[in-house]
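Each remark here refers to the structure printed beneath this line.
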Amino acid sequence: MNNQHFHITTIRRVYYGLLALVFFGHAWLLYVAGFSWNNTITESLLNTLTLGGSGFILFQVFRYYLPSRERFWSVLLVIHILTAITTLVQSILLNIFLQRYPGMESHLTETIVPRICLTLLWNSLVAFLSMAIKASRDNSMQAQRVRDVEQFAKDAELFRLRQQLQPHFLYNSLNSINALIGIQPEKAREMVGQLSDFLRSTVKVDDSQLSTLKEELEQLNLYLNIEKLRFGHRLQASISAAAPTDEAKLPALILQPLVENAIKYGLYDTLETVDITIEATLNDKQLVVSVCNPFDPVTSTAHKGTGFGLNGIRKRLYLLYGRNDLLTTTSENGRFCATVLIPQLHVQSDNN
């Protein structure tokens, strides 16, 4: 709305500036031709006022109506009809205000053709400028609608991805709680409390917003606490994040599916204790977060990180940043690592 107001204000200023040029140009020509100041000012003012009124009518018409190419003849018809009316009004006003001056009757008769040409040229200029402004505004509004639709589709896709990821964790947690109720009711109650805290903190999160790494790790600790209740001593997790990374920005809840993927492919194929590591560093204005888990090359051959979790993260990063290279995976020496690179766009803008 503010941009539109600024746009209209600018157009008005340009329009009044052109009218001022017409007035002073006409007055200069009359003065050079030897007319008195009274005649010069009166005739220039009347001509400028009628041209201004004619242009205002055309601007209002084509501000809201843009004819198709097939009906372009209607534009020419409107211009010529308004030119005839404007010239007639000019002649009437000039005869009323200048008839008392000697020689003005012949002057008005001799200048009728130049005045018609000037009026036709002015009306044509205003009409085509008005249509150009209308077309530009329509194109701008159409482009904005396209951007809004694309943003809505992107937000919907992000929401769909999150809805597909969260139930996996929720179902597993509820199954574990169900199994613990009969044999370890205290542990089951503790897990319910942990799950409640985690869900309460995640339902308010907007997937399209950025959070700090510190906030993300707090969410991750809630998640890990629940998983540790499920797996007991078998699950060990260590988080390494240097102090400068605390305020680094990253998409909300982007790390949880990485850790969920690490738990799934690290613990499900073994009864041994599994140590999952999460490391975060800042490198060349990028936040680098790696989540690593051990795996058995024999029993885990079919997985290798190709589950929905990693694919969903890759797609989400593409939707947010427009890049396909922000998630990489490696498998070396019995450890699988998934690494995400998060561009720190706010850091770049601050430096600029």
Side-chain angles (χ1 to χ4, degrees), residues 165-177 179-180 184 187-188 190-202 205 211-246 248 250-282 287-297 299-300 303-305 307-310 312-313 327-342:
L165 286 169
Q166 290 282 20
H168 293 82
F169 163 68
L170 184 58
Y171 297 154
N172 290 335
S173 298
L174 291 176
N175 286 333
S176 298
I177 292 171
L180 290 172
Q184 292 179 292
K187 196 172 182 179
E190 183 181 355
M191 193 169 181
V192 169
Q194 296 278 7
L195 181 61
S196 176
D197 291 339
F198 176 79
L199 294 178
R200 186 182 300 111
S201 62
T202 58
V205 175
S211 61
T212 64
L213 180 63
K214 182 179 180 180
E215 294 170 339
E216 185 74 0
L217 292 180
E218 289 174 355
Q219 294 289 121
L220 195 57
N221 278 320
L222 288 174
Y223 169 74
L224 286 171
N225 288 338
I226 297 172
E227 294 294 65
K228 287 177 181 178
L229 285 174
R230 288 180 59 204
F231 295 103
H233 70 279
R234 292 180 55 213
L235 174 59
Q236 299 294 324
S238 60
I239 300 176
S240 174
T245 63
D246 285 349
L250 72 167
L253 300 177
I254 198 72
L255 298 183
Q256 183 224 321
L258 282 177
V259 177
E260 183 177 356
N261 188 78
I263 293 174
K264 178 179 180 181
Y265 295 120
L267 274 78
Y268 286 11
D269 294 319
T270 181
L271 297 176
E272 303 296 327
T273 299
V274 172
D275 183 22
I276 294 174
T277 60
I278 302 106
E279 297 182 357
T281 58
L282 278 176
L287 175 65
V288 182
V289 182
S290 296
V291 179
C292 300
N293 62 274
F295 76 101
D296 189 328
T299 59
S300 299
H303 304 317
K304 291 191 176 180
F308 174 79
L310 295 185
I313 295 169
L327 175 61
T328 59
T329 59
T330 58
S331 300
E332 293 181 355
N333 301 323
R335 286 191 71 80
F336 177 85
C337 292
T339 302
V340 290
L341 306 177
I342 308 297

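These numbers were taken from a predicted model, which means no experiment stands behind them.
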Fill in: Distance-minimising heavy-atom pair for Val291 and Ala262
CG1-CB, 3.9 Å
Worksheet item: Would you say Arg234 and Val274 make side-chain contact, with heavy atoms under 4.5 Å?
Response: no
Worksheet item: Side chains of Leu174 and Leu195: does their closest heavy-atom pair fall under 4.5 Å?
Response: yes
Item to complete: Please determine which of Val340, Leu341, Leu282, Thr281 meets the side-chain contact (heavy atoms from CB on, under 4.5 Å) test together with Leu287.
Response: Leu282
Discussion item. Using modelled atom types and a 3.5 Å cut-off, is there a donor and acceptor pairing between side-chain atoms of Gln256 and backbone atoms of Gln219?
Written reply: no
Discussion item. Which residues pass the side-chain hydrogen bond (donor to acceptor under 3.5 Å, both in side chains) test with Thr273, not counting sequence neighbours?
Written reply: none
Fill in: Shortest non-hydrogen separation from Phe295 to Tyr265 and the atoms involved
CB-O, 4.1 Å
Worksheet item: Between Glu216 and Ser211, which heavy-atom pair has the shortest distance, and what is it?
Response: OE1-OG, 3.7 Å
Fill in: Side-chain donor/acceptor of Thr212 to backbone N/O of Glu215, under 3.5 Å
yes
Discussion item. Between Asn225 (side chain only) and Asn221 (backbone N and O only), is there a donor and an acceptor less than 3.5 Å apart?
Written reply: yes
Worksheet item: Does Thr277 reach the side chain of Arg335, with side-chain heavy atoms less than 4.5 Å apart?
Response: yes
Discussion item. Regarding Glu190 and Lys187, does a basic nitrogen lie under 4.0 Å from an acidic carboxylate oxygen?
Written reply: no
Practice prompt. Among Leu217, Ile276, Val259, find the residue that satisfies the side-chain contact (heavy atoms from CB on, under 4.5 Å) test when tested with Ile239.
Written response: Leu217
Worksheet item: Below 4.5 Å, heavy atoms only, C-beta onward: do Pro294 and Asp275 meet side chain to side chain?
Response: no
Fill in: 4.5 Å side-chain heavy-atom contact, Phe231 and Ile263
yes
Discussion item. side-chain contact (heavy atoms from CB on, under 4.5 Å), that's the test. Do Leu213 and Leu255 meet it? Break it down for me.
Written reply: CA-CA 10 Å; Leu213 180 63; Leu255 298 183; 4.1 Å; yes
Worksheet item: Considering all heavy atoms of both residues, which atom of Ser290 and which atom of Thr339 are nearest to each other, and what is their separation?
Response: OG-OG1, 2.9 Å
